S.K.: 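If you scroll down you'll find the structure; I have some questions about it.
A quick note: this is a predicted structure, and the numbers were derived from the prediction, not measured.
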Amino acid sequence: MSWLPLSFGAPMVLWGLLALPVIWWLLRLTPPRPQTEVFPPLRILARVLRREETPHQSPWWLTLLRLLMAALVIAALAEPVFNPREKLPAEGSALALVIDNDWASAADWGKRVATAERLIADAGSNGVPVVIAFTAEKPNAEIGPFDASAALDRLRAAKPRPIPTDRPALYARVAATLERLPGASVAVLADGLAANGDEAAFKTLLEKNAARLVWATSDRISLTGLTGADNQVDGFALTAIRAPGDPAPAQVTAGAFDDKGRRIADATLTFAPGETTATGTMAVPFELRNDFASIALDGEHQAGAVRVLDESSKRRRVGLLSQAEADQAQPLLSPLYYIRRALQPFADLVEPSSADLADAIPQLLDQKPAMIIMADVGTIPEQVRQRLVDWVNNGGTLVRFAGSRLAAAGNDDDLLPVRLRSGERALGGALSWTTPQPVTEFPKNGPFADLAPPTEVTVSRQVLAEPTPDIVERTWATLADGTPLVTGMKKDKGTLVLFHVTPEATWSNLPISGSFVEMLRRIVQLSRNQGAAVANAEAAAASLAPYRMIGADGALVPPTPDARPLVPGAGPLPVTLENPPGLYGSETGVFAHNLLNASSTFTPLVRPQISLPVTAVPYAFDESENLKGPLVTLALLLMLLDTLAVLWMGGLLSRRPRRAAATAAAVLIVLGGLFGHTDLARADDSKPGDSQAIEDISKTRIAYVITGEPGVDSISRAGLEGLTRFLVEKTALEPGPPAGVNIAKDELTFYPLIYWPIDATAPMPSEAAIARIDAYMQQGGTVLFDTRDQFSNGIDAGSASPATERLRDILANLNVPPLEPVPSDHVLTKSFFILPEFPGRFNGSPLWVEASLDASNTENRPVRTGDGVSPIMITANDFAGAWAVDENGDPMLPTVPPDPMQRVYALRAGVNIMMYMLTGNYKSDQVHVPVLLERLGQ
């Protein structure tokens, strides 16, 4: 039964509302209990002439209150529900819940869980078993059938995974389970994205034993994914995708993060109306791009919106190769000297250990460089030539410089961008210039188009290119006479570049110009890293351990227990539960394994065309609210009001204040007798603050001075709490909680020890406050001053820290006795634990106490000084920092040095100090036991 927006689970109970008039009639006939009062005689006489009145019915307001209470109880028994929902078709022999918990479900996982909970609840109310399975879990995970309670536990324990769905395998398992439960209702909670094998998977699931399909999906696919992040010449080129069907334009913002999670760059990508792909460029300097560790889309809390980056997207690895022998005495004549100087600031340079090209080229290729530079290398050995050609075709950049060897080697169409004329052109030669040739404007179709031509560069010798129809397209730099200086071309996925001069300053002065550095820089930015370098073939074949994983919400997290090592291979690697997206390797080098690749698309999932009854439900939270509990609570409150009203009408509440006052007076009289009050008849002799004083002296409490600095005060309190815990664990003393005291106004005599952390930034205490501290020390109390600086002995002359200077200012106004470091035979060293020193968070300062000036015999010094306790102690070791613990009992601050036993010794020092404060030097009396026994005649 539903009265929108209210429905009732048991509407027949509402017929009980018809009994309310009868209840009204009965309540009106039943008067409340008459009020009884005891009047003094004069008041009885004053009212004797009045006519006695006895109520014959309840007051109308009390009757109305009880009727309302009865109506609330009846309404609660009818099980009302506000904003009710329709029951979902969870019936038949079983309910099979197949839920996508892949990366695409992470953004609205809460809604999916709420929808599944409603289905399970309705199945439980119908007594139907539940089969529950997830498409991104282990293939051997148990799927049921379960009862409703167990199914809810499994649903709430599930979580989205950063991997794609595997519908075919899971749907086949569910179909096999439903063979024992024909006529089941199947609920598909999909992520909305189509995947390979969906058609066959739905056919397997729904063809035989399903009686009804519940289809749950989002209204629209609002996912945006990042499919590409390429480090190009002018910046990082980003590519994002979205699902088709959204005609409106949209913008997304991408952020680049370094390995510490700091955002260091931004870019905006715009989707044109109706377009599913958006591109943008993160235009930042080349050096900053090398710090990128990941790129993520803002507002997209799922793994598809994040791309992690490895070495292939960062600083380029460049191999250097030359056939010329290096002359250590004349480095400027080395073919690779100027190349090294130009590339070192922005590239990682690798060189072979062998001068033989047959060994040197494989050594370079094993390093997986982005670019190889050959300085006047002639003929390539046949046994390694094809491997070098394959490297170029797969994306490598080969840069060659001319020289006498290259000019004599002849043409190589696979490893040169243009065909060369035999010989070379030089001043005074057969093909000669009358003057050296300058460089002209760079062609617009080359990578140097925006560079200014170097006016200081001239060329006196070069190798010439054969004139061909495409020579202009392949020319990147020319001389004044129109001959090419630099040529280049794309070859498959790679690039071939030729400088028609030598890399040293013999044929031209280009290598010693600034333009040479910028030209090589542009070519390096055109190159692409080929992967992480490996030391040997065995390492290349080895698997990479999980290092940092991408969570389902797009956050970088530590490896999960299910993650397994990844074996890199050619082409995109599948993303699975064993190999989730993220970084694999170690701190020395990582391999990026991303969820989406350049060919990824978002294709909407189409509901299968079947003959079964289909119920489509949206993902949504359950907004219905059961009102039974609130109505029962309100009825109980009205019952309490009714009870109070009856007590008031019976006169009980009017007498209660007098009885309460009498009881309170009796308690105060007893307390006054216990504490020596002379006037026991008055209950108002107590003064403000007496109760707090009684509480303060009921237990031993350690106090600390409130300095006004929150950080210092919090550590002081946490430190004394830690010492209190240790005292309870190790001794029979059970102190109360630590007390923070304001020395200017709080009573100090309640505390045997006051811990005072000295902080130079805290306000200087007033003279009155210092006078109170002086009186406290004279009356038997002890103040433990802690400068917490370790570098000062507290009272030594000479250079001192600000905290020590502040301590000296305070002590200047106190009656401080002579001090000395705690002697090795002092009572403090053996009052509970045997301690040779008193460390705190630091271990560099002694503990200063009152000097034993009257002791002539140093061996008997603790005995000769009497039973008094030092009124002052000074340390710089930060006792409270070593004692401080958090709510879980874990230390808050590290010790210096980080020795675990130092904290234990610090706590033991605190125990010895407390035992010394509470018992004096009774320990030292043990040395007199033989003498005392002798005097007693024993």
S.K.: Checking side-chain polar atoms at under 3.5 Å, does Ser354 have a donor or acceptor matched by the opposite partner on Gln363?
M.R.: no
S.K.: Please check this pair: side chain of Arg317 against backbone of Gln367, looking for a donor-acceptor N/O pair closer than 3.5 Å.
M.R.: yes
S.K.: Can a side-chain donor-acceptor contact be found between Asn393 and Lys491 if the only test is distance below 3.5 angstrom?
M.R.: yes
S.K.: Hey, does the side chain of Arg307 reach the backbone of Leu238 with a donor-acceptor pair shorter than 3.5 angstrom?
M.R.: no
S.K.: Can you tell me if Gln302 and Asp553 form a side-chain donor-acceptor pair at under 3.5 Å?
M.R.: no
S.K.: Only one of Asp291, Asp258, Asp298 passes salt bridge (Lys or Arg N to Asp or Glu O under 4.0 Å) with Arg263; say which it is.
M.R.: Asp298
S.K.: Considering all heavy atoms of both residues, which atom of Ala194 and which atom of Pro604 are nearest to each other, and what is their separation?
M.R.: CB-O, 3.8 Å
S.K.: What about the rings of Tyr547 and Tyr584, do their centers lie closer together than 6.0 Å?
M.R.: no
S.K.: Less than 6.0 angstrom separating the ring centers of Phe236 and Phe292, yes or no?
M.R.: yes
S.K.: For Trp103 and Phe602, take the angle between the two ring planes, folded into 0 to 90°, and tell me which bin it lands in: parallel under 30, tilted 30 to 60, perpendicular over 60.
M.R.: tilted
S.K.: Indicate whether the side chain of Thr135 and that of Asp100 have a donor and an acceptor atom separated by less than 3.5 Å.
M.R.: yes
S.K.: Describe, in one word, how the ring planes of Phe401 and Phe499 are oriented to each other, choosing from parallel (under 30°), tilted (30 to 60°) and perpendicular (over 60°).
M.R.: parallel
